[in-house]
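Within every chain, numbering begins at 1; the chains are lettered A, B, ... in the order of the sequence lines, protein sequences first and strands thereafter.
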Amino acid sequence: MSPPTFRLYNTLTHETEPVEPIEDEHLRFYSCGPTVYTYAHIGNFRSFLTADLIRRTAEAIGWDVTNVSNITDVGHLTQDDLVDPGGEDKMQQALEREGERFANIYDLARHYTDAFLKDWRALNLREPEVRPRATEHVTDQLEAVIELVETGHAYTTDKGVYFRVDSVEDYGQLSGNTESEQLRATERDTVDDPEKKDPRDFALWKHDPDHLMHWHSPWGWGFPGWHIECSVMGMRYLGEKFDLHTGGEDLIFPHHDCEIAQNKALTGGPAVNYWVHTRFLQVEGEKMSKSKGNFYTVRDLIAPAPDDDHVPAPIRTQGGVDPLALRYTLLQGQYRKPFNFTLDTLRTAARHVQRFRDASDRVDEAIEADVDGPDPLGPKLGDCYDRMLAAMCDDLNTPAATAAALEGVRHIEDADTLSGAAAHSARFWLDRTNDLLGIIESETEDEPPAKEDTSPLSGSQFATSVDAVLQDREDARANGEYARADAIRDTLEALGIEVMDRPEGPEWRRKVEL
RNA sequence: GGUGACGUGGCCGAGUGGUCAGGCAGAGGCCUGCAAAGCCUCCUACGGCGGUUCGAAUCCGCCCGUCACCUCCA
């Protein structure tokens, strides 16, 4: 059958539209990446997950994909209008906070970039084709700013260079913030540059020789404005026109509106056809914030570090969550709707991921055994896959897609026996499901994040001793000493070992504790 | 105040005019020495008020509520 039409909601048109790449069957898109001044939290990754799902869906319908995802490692000011030398940026603040950990601002950026990439892989996000860093493209940015000044789209003041918003058509089209007067009326009480000609004008270059990161420019030492880096890096790696651009909903204004304006000024027309924005998530029904104690970074959940001050106390003794369970959790909400992240959902997700894994193991055994027999699974699973793909193509409807996937795994579980033929069908389905949703097995080389292992024994030694204890319990059961058998089970449970008595003998696994 | 999004059962979340979403939790049952896991059954909602229609969670209007952005937060 022909693949379904891939449709996405376009912030620019307020409609869900068929995605039609400029180059047939080749999707080229840019994803706004993080500013690396701290560990990324699960909300950040909800947005990056959207980009990953766009990639996977496009690949599933046979398209090529070129994705550029940047790292913002230049510290930008916390207030755009505050272009005085005393202004601080987030990276500088981070360095002051953690000065003892890092030699300098570049060291800090490197540390958090590495941490970010590690989390990226842990969540089984596919690697973008290009991952440019802002600090490595300052020359490109400078050239763009010079061009904008020369073409009259920008002007200089003592404090920097500003983009002249009224030099392009339809500024603010993306957000709907089109009224100059409106922005003026709501301007915050910040230090303004009196030489700015329009309150909407934004900085392309900031004059500041004391900034921790500074570069030489025709206007003296300083650093680039925030919006210009994405315009420049997007065009450099994807061309003057490309298909799609992703980011968090907070970036709609001003960042993406500014980017659109810059691109128009530089190329004479808009660069991007589709804008896709991911809604913020909430945690336990509230805005995620450090003061509420519901602020989760990826590493908090998947690999707790009890001595790390970044890990909030309420979960410092928890964590150890399967990163794919975290991924599965984030799939329970469609990217464009508010999503309420709860530990309860995470707990459930961990169980579901385990079901996929158990089914996968069983299928592998059945392939090995290769018993003759019919294949009742093939058609059912084929149908499940079709519905999964259709759901993904329908504006990344991940809740519907995971529902169909769960139905598929139930078909495998329900089969009393798996013939070789059925097992091969199941293997094919599991692999394609994992390709599309990435929820069964990680594709990365990284070691799985160290689960908290308080045992002094290594993994295999530990397993051997658990097996020995279980044998003792089996002996007790055989002798009818049920009180002793239950005591052994309770002891193991207290150690985080879950015991299941199967017809073929006892089985155990580590409990998922949240 | 401006801009944009969203309101579905105890909870999370599909569903865009008429037939079951699904999951979690809960209740009962099967299985088990007892459990756990798994399986079966049950629980049936659409923020409010109008309107369109033979028929609306689904379309329209108004209201209420939640969230986000309004100069650097994904």
Within the structure, does a side-chain N or O atom of A:K196 lie under 4.0 Å from either OP1 or OP2 of B:U71?
no
Round to the nearest Å and state the distance from A:M500 atom CE to B:A37 atom P.
9 Å
Parallel, tilted or perpendicular: which fits the ring planes of A:Y328 and A:F356, with parallel below 30° and perpendicular above 60°?
tilted
Given B:C34, B:A14, B:C69, identify the nucleotide with an atom nearest to the side chain of A:F280.
B:C69
Measure from the side chain of A:H14, starting at C-beta and using heavy atoms only, and say which of B:A5, B:C34, B:A74 lies closest.
B:A5
Is it true that the NZ or CZ of A:K197 lies under 6.0 Å from the centre of A:Y155's six-membered ring and within 45 degrees of the ring axis?
yes
Give the nucleotide from the list B:A25, B:G23, B:U71 with an atom nearest to the side chain of A:H352.
B:G23
Using a 4.0 Å heavy-atom cut-off, does A:R484 contact any base of the nucleic acid, only the sugar-phosphate backbone, or nothing at all?
nothing
Whole angstroms only, please: what is the CD-P distance between A:Q334 and B:G7?
10 Å
What's the shortest heavy-atom distance between A:E259 and A:C230, and which atoms?
OE1-CB, 3.3 Å
Can you identify which nucleotide, out of B:A68, B:A14, B:C6, has its nearest atom closest to the A:E249 side chain?
B:A68
Are the aromatic ring centres of A:H227 and A:H256 under 6.0 angstrom apart?
no
Nucleotide nearest A:D501 when distance is taken to its side chain, options B:A74, B:C34, B:U71
B:C34
Taking the side chain as C-beta and beyond, is there a heavy-atom pair between A:T246 and A:I54 under 4.5 Å?
yes
Students often get this wrong, so: under 4.0 angstrom with heavy atoms, is A:H41 touching a base, only sugar-phosphate, or nothing?
base
Using centres under 5.5 Å plus planes under 30 degrees as the test, is A:F45 stacked with B:A74?
no
Report yes if the side chains of A:I488 and A:V499 come closer than 4.5 Å at any heavy-atom pair, otherwise no.
no
Which nucleotide sits closest to the side chain of A:D394: B:C69, B:C24, B:G15?
B:G15
Examine B:G13: is either OP1 or OP2 under 4.0 Å from a nitrogen or oxygen in the side chain of A:N397? Give yes or no.
no
Looking at B:A5, I'd like to know if its phosphate oxygens (OP1 or OP2) sit under 4.0 Å from a side-chain N or O belonging to A:Y9.
yes
Assign A:G247 to base, sugar-phosphate, or nothing according to its heavy-atom contacts below 4.0 angstrom with the strands shown.
sugar-phosphate
Give me the ring orientation class for A:F163 and A:F202: parallel if the planes are under 30° apart, tilted from 30 to 60°, perpendicular past 60°.
parallel
Say you pick atom C1' in B:C6 and the same atom in B:A57; how far apart are they, in whole Å?
15 Å
Answer whether the closest heavy-atom distance between the side chains of A:E481 and A:R477 falls below 4.5 Å.
no
Distance, rounded to the nearest Å, where A:Y335 contributes OH and B:G13 contributes C1':
17 Å
Of A:N44 and A:S175, the one whose closest RNA chain B nucleotide lies more 5':
A:S175
When you compare the protein's N or O atoms with those of nucleotides 39-46 of chain B, which come within less than 3.5 Å of each other, and at what distance?
none

Is it the case that the base of B:G13 and the side chain of A:N340 share a donor-acceptor contact (distance under 3.5 Å, atom types as modelled)?
no
Within the structure shown, what part of the strands sits under 4.0 Å from A:E407 by heavy-atom distance: base, sugar-phosphate, or nothing?
nothing
Rounded to whole angstroms, how far apart are CG on A:D395 and C1' on B:U16?
14 Å
Specify the separation, in whole Å, of atom CZ of A:F253 and atom P of B:G4.
13 Å
Does any non-hydrogen side-chain atom of A:R131 lie less than 4.5 Å from one of A:N70?
no
Given the C1' atoms of B:G15 and B:C46, what is the spacing between them in whole Å?
11 Å
Which of B:A14, B:C34, B:C12 is nearest the side chain of A:A400? It is B:A14
Between the side-chain atoms of A:R489 and the base atoms of B:C34, is any donor-acceptor pair under 3.5 Å?
yes
If we take the P atom in both B:A45 and B:G51, what is their distance in whole Å?
23 Å
Take atom C1' in B:C67 and the same atom in B:C73, then report the distance between them in whole Å.
15 Å
For nucleotides B:G18 and B:C39, find the distance between their C1' atoms and express it as a whole number of Å.
34 Å
Should A:M233 and A:Y30 count as side-chain neighbours, where that means a heavy-atom distance under 4.5 Å?
yes
Hey, is the side chain of A:R279 pairing donor to acceptor with the base of B:A5 inside 3.5 Å?
yes
Separation of B:C70 C1' from A:H255 NE2 (nearest whole Å)
16 Å
With sugar-phosphate meaning primed atoms plus P, OP1 and OP2, does A:L251 contact a base, only sugar-phosphate, or nothing at under 4.0 Å between heavy atoms?
sugar-phosphate
How long is the line joining CZ of A:R46 and P of B:A68, in whole Å?
13 Å
With a 3.5 Å cut-off and no angle check, do the side chains of A:H153 and A:Y162 form a donor-acceptor pair?
no
Mark yes or no for whether A:R387, through its side chain, and A:A401, through its backbone, hold a donor-acceptor pair below 3.5 Å.
no
Between A:Y37 and A:D73, is there a side-chain donor-acceptor contact under 3.5 Å, judged purely by atom types and distance?
no
Whole angstrom is fine here: how far is it from CD1 in A:I252 over to P in B:G4?
11 Å
Stems involving RNA chain B: give each as a range paired with a range, ordered by first number, where a stem means at least three consecutive Watson-Crick or G-U wobble pairs under 3.5 Å.
B:1-7 with B:64-70, B:10-12 with B:22-24, B:26-30 with B:38-42, B:47-51 with B:59-63
B:G33 to B:U19 separation - P atoms, rounded to the nearest Å
46 Å
Span that lies between the C1' atom of B:C42 and that of B:G47, in whole angstrom
28 Å
Short side-chain N/O contact from A:K287 to OP1 or OP2 of B:A68, under 4.0 Å:
yes
Please measure how far the C1' atom in B:U3 lies from the corresponding atom in B:G9, and state the result in whole Å.
33 Å
